Amino acid sequence: MADPRAAARRPKRGRLTRSADFDRVFRRGRSFGNRHLVLHLFPRAGEPGDGTDPRVGLSVSRRVGGAVERNRVKRLLREAFSPLAERLPTSVDVVIVARSDAHDLAEREGLAGVSAALGELVDRAASAAAKEGS
RNA sequence: GCAGGCCACGUCGCCGCGGGCGGGCUCGAUCCGCUCGAGGAACGUCCGGACACCACAGGGCAGGGUGGUCGGGGAAUCCGACCCGGGGAAACCCGCGGGAGAGUGCCACAGAAAACACACCGCCGAUGGCCGGGGCGCGAGCCUCGGCACAGGCAAGGUUGAAAUGGUGCGGUAAGAGCGCACCGGCGUCGUGGCGACACGGCGGCCAGGUAAACCCCACCCGGUGCAAGACCGAGCAGGACCGUUCGCAGGCGGCCCGUCGAGGUCCAGGUAGGUCGCACAGAUGGAUGGCGACGCACGACAGAAUCCGGCGUAUCGGCCUGCUAAG
RNA sequence: CGGGGCGUGGCGCAGUCUGGUAGCGCGCGCCGUUCGGGUCGGCGAGGUCCUCGGUUCGAAUCCGGGCGCCCCGA
């Protein structure tokens with residue numbers, strides 16, 4: 001984020017928008033996974049974005065399915081993440097990766113199943129981040 | 001049963017998302033309101049075009065593509081009608097559908113033979129020849145019967161094969177043969193109809209195997225790459241030019257002069273990260289069109305835009321409409 | 001988004017251009033060799049040639065449609 005003004009502002013949507021941001025989270029962040037999803041977490045403490053809400057990025061590869069299935073998984077993940085975001089500390093970047101089984105979960109259990117799977121990972125990530133921060 | 005066309009869950013409530021317009025404010029990646037927001041295939045990427053850049057005098061070769069006729073169309077492996085061939089009881093459906101009388105190649109196995117037409121087995125041997133018997137004649141010889149298969153004649157038959165110089169019948173012959181005749185098939189030619197592909201009819205003679213989704217010949221067409229094309233702006237880093245660090249540039253000390261502080265400043269083209277345009281009355285650039293609930297019913301299939309347009313092909317729960325065929 | 005390639009026994013591959021017999025290695029089964037195993041020798045089983053059509057007398061091969069997988073450019 002070369003623009004220094006961005007530091008003073010709250011992002012319109014808490015989304016990752018740069019390929020470099022994704023690379024940084026994958027390379028240097030911690031990861032938590034279950035059979036449906038993988039959650040990567042990277043704290044941005046001390047950077048210009050400090051103090052803002054978590055930013056999230058989605059990664060749904062073609063292994064999950066065709067365009068229709070991938071869109072459905074991404075929409076459900078966005079819908080599920082929105083209420084869960086406040087459980088995470090501020091100033092973190094998160095990337096949610098959907099594994100192949102995520103499509104089956106979305107088709108069978110819908111938003112409830114996705115929320116459960118994602119909530120588990122968010123809680124694990126939040127407690128881990130709290131330990132490191134203290 | 002056949003053909004064609006249309007639709008692709010609907011309504012309501014709450015919470016959300018992207019673009020545009022208007023407005024409020026603490027002017028920002030904010031808030032409020034209004035409005036627009038996936039498909040018939042958006043798919044596959046099989047063709048064509050627009051657009052963009054690169055290459056290019058003109059022509060030819062090579063290479064590739066297309067292939068009945070007429071019309072539509074900007075073009076097309078596109079569409080329509082018709083012709084031909086095949087299928088069906090019919091409505092109707094299917095077909096990469098030019099040329100094998102220009103040349104080359106191939107046609108396994110089987111079979112005498114697979115393309116020049118004949119050799120081979122075989123049939124005949126009327127005619128001529130040779131051998132034998134009988135008759136006539138003084139004799140040369142003549143007549144007649146039988147045999148041989150030497151000359152010669154023939155292409156019907158030869159258990160094969162996907163395919164063998166057309167098929168069936170009658171005549172004909174020593175044996176045979178389109179040798180002759182009838183019908184059918186093919187070819188050539190003439191006439192009639194049709195814009196045409198072709199169709200129908202008359203006459204003629206008997207040259208004519210298949211394969212071109214084998215090479216090839218003929219006619220027509222074709223430069224390459226693709227919006228991640230391409231255009232513009234452009235940090236940083238490195239480079240160049242000029243001014244300045246003894247003669248103090250730019251800039252600051254509220255405007256000006258003096259004075260003072262000051263070691264760097266200005267410009268240049270190329271262009272990385274990145275951004276904007278390209279880009280659309282859906283239109284992003286980590287990529288929007290969703291979630292929950294209720295009711296209705298046909299219980300919801302295949303499937304998600306990324307430059308745009310015209311086709312083709314493929315997937316698909318079902319529903320509606322129109323016409324036609326057969327039977328009743 | 002665009003471009004290219006590959007589907008053949010259980011596995012890895014030839015054969016496809018130039019159409020008629022599907023072959024090789026490993027693996028598998030049986031027999032022999034050995035006290036037993038390995039090695040070695042012999043014999044044998046096993047393939048809708050991805051799928052659906054077409055051309056041809058005849059298709060793994062030639063020509064179309066489809067399905068699946070892999071790779072490359074940016």
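Owing to the predicted nature of the structure, the values given are computational and were not obtained by experimental measurement.
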Trainee: With rounding to the closest Å, how many angstrom separate the C1' atoms on G161(B) and C200(B)?
Mentor: 39 Å
Trainee: Measure from CG on L118(A) to P on G291(B) and round the result to the nearest Å.
Mentor: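 These atoms are roughly 17 Å apart.
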Trainee: Quick one: look up who G48(B) pairs with, Watson-Crick or G-U, both distances under 3.5 Å, and put none if it's unpaired.
Mentor: C309(B)
Trainee: Please determine whether side-chain contact (heavy atoms from CB on, under 4.5 Å) holds for the pair F81(A) and V114(A), giving the CA-CA distance in whole Å, both sets of side-chain angles, and the decisive distance to 0.1 Å.
Mentor: CA-CA 9 Å; F81(A) 183 79; V114(A) 175; over 6 Å; no
Trainee: In whole Å, what separates the P atom of A100(B) from that of U61(C)?
Mentor: 28 Å
Trainee: Report the base-pairing partner of C35(C) (Watson-Crick or G-U wobble, both distances below 3.5 angstrom), or none.
Mentor: none
Trainee: To the nearest Å, how far apart are L58(A) CG and C17(B) P?
Mentor: 15 Å
Trainee: Can you tell me which nucleotide in G290(B), A288(B), G286(B) comes closest to the side chain of R78(A)?
Mentor: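 Looking only at side-chain atoms, R78(A) lies closest to A288(B).
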Trainee: To the nearest 0.5 Å, how far apart are CZ in F22(A) and CG in D93(A)?
Mentor: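 Interatomic distance, F22(A) CZ to D93(A) CG, rounded to 0.5 Å: 9.5 Å.
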Trainee: Need the pair for U189(B). Rule: Watson-Crick or G-U wobble, both distances under 3.5 Å, any strand; none if unpaired.
Mentor: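 Partner of U189(B): G202(B).
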Trainee: Atom CG of L111(A) and atom C1' of G16(B): how far apart are they, to the nearest Å?
Mentor: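 Whole-Å distance recorded here is 12 Å.
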Trainee: Can you list everything that forms a side-chain contact (heavy atoms from CB on, under 4.5 Å) with R35(A)? Sequence neighbours excluded, please.
Mentor: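 Only D101(A) meet the side-chain contact (heavy atoms from CB on, under 4.5 Å) criterion with R35(A).
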Trainee: Would you please name every residue forming a side-chain contact (heavy atoms from CB on, under 4.5 Å) with V38(A), sequence neighbours left out?
Mentor: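 Once residues adjacent in sequence are excluded, the partners of V38(A) under the side-chain contact (heavy atoms from CB on, under 4.5 Å) criterion are S31(A), H40(A), V97(A), R99(A).
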Trainee: Decide, for G67(B), between syn and anti: a glycosidic angle within 90° of 0 counts as syn, anything else as anti.
Mentor: anti
Trainee: Considering residues at least two apart in sequence or located in another chain, which fulfil the salt bridge (Lys or Arg N to Asp or Glu O under 4.0 Å) criterion with D104(A)?
Mentor: none
Trainee: In Watson-Crick or G-U wobble terms, both distances under 3.5 Å, what is the partner of C27(B)?
Mentor: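 Result: none.
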Trainee: Could you measure between the two P atoms, the one in G4(C) and the one in U8(C), and give it in whole Å?
Mentor: 23 Å
Trainee: Answer yes or no: is there a side-chain heavy-atom contact under 4.5 Å between V95(A) and V56(A)?
Mentor: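 The answer is no, as the side chains (C-beta and beyond) never meet within the 4.5 Å cut-off.
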Trainee: Measuring from L118(A):CG to R87(A):CZ, what's the distance to the nearest 0.5 Å?
Mentor: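 Going from the CG atom of L118(A) to the CZ atom of R87(A) covers 9.0 Å.
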Trainee: C170(B) pairs with which nucleotide, Watson-Crick or G-U wobble, both distances below 3.5 Å?
Mentor: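 C170(B) is paired with G180(B).
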Trainee: What's the base orientation of A52(B): syn (chi within 90° of 0) or anti?
Mentor: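 Anti.
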Trainee: Could you tell me how far apart F81(A) (CZ) and C17(B) (P) are, to the nearest whole angstrom?
Mentor: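 Result: 15 Å.
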Trainee: Tell me whether G176(B) sits syn or anti, counting syn as a glycosidic angle within 90° of 0.
Mentor: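 Here G176(B) takes the anti form, which means its glycosidic angle is more than 90° from 0.
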Trainee: Could you measure between the two C1' atoms, the one in G319(B) and the one in A298(B), and give it in whole Å?
Mentor: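 Nearest-Å result for G319(B) against A298(B) at atom C1': 7 Å.
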Trainee: Using both distances under 3.5 Å as the test, list the Watson-Crick or G-U wobble partner of G33(B), or none.
Mentor: C21(B)
Trainee: Could you give the distance separating A55(B) and A315(B) at their P atoms, to the nearest angstrom?
Mentor: 46 Å
Trainee: Sort out the partner of C70(B) for me: Watson-Crick or G-U wobble, both distances under 3.5 Å, none otherwise.
Mentor: G80(B)
Trainee: Using a strict heavy-atom distance below 4.0 Å, which residues from residues 68-76 of chain A are in contact with RNA chain B?
Mentor: V68(A), N71(A), R72(A), R75(A), L76(A)
Trainee: Can you check the distance between C195(B) and C215(B), where both ends of the measurement are the P atom (answer in whole Å)?
Mentor: 39 Å
Trainee: Which label fits A280(B), syn or anti, where anti is any glycosidic angle not within 90° of 0?
Mentor: syn
Trainee: Partner lookup for C142(B), please. Criteria are Watson-Crick or G-U wobble with both distances under 3.5 angstrom; report none if nothing qualifies.
Mentor: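 C142(B) is paired, partner G135(B).
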Trainee: Taking the same atom, C1', in U211(B) and in G185(B), what whole-Å distance lies between them?
Mentor: 22 Å
Trainee: Please state how far atom CG in L77(A) lies from atom P in A288(B), giving the value in whole angstrom units.
Mentor: 13 Å
Trainee: Considering heavy-atom distances to RNA chain B, does A67(A) or F26(A) have its closest nucleotide positioned more toward the 5' end?
Mentor: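 Whichever sits nearer the 5' end wins; that is F26(A).
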Trainee: When the P atoms of A162(B) and C109(B) are compared, how many Å lie between them, rounded to an integer?
Mentor: 14 Å
Trainee: If you look only at distance, which donor and acceptor atoms sit under 3.5 Å apart when one is on a side chain in residues 72-80 of chain A and the other is two or more places apart or in another chain?
Mentor:
| from | atom 1 | to | atom 2 | distance (Å) |
| --- | --- | --- | --- | --- |
| R72(A) | NE | E107(A) | OE2 | 3.4 |

Trainee: Kindly state each residue pair satisfying side chain to side chain donor-acceptor pair (under 3.5 Å) with at least one member in residues 109-121 of chain A, sequence neighbours excluded.
Mentor: N34(A)-E120(A), E120(A)-R124(A)
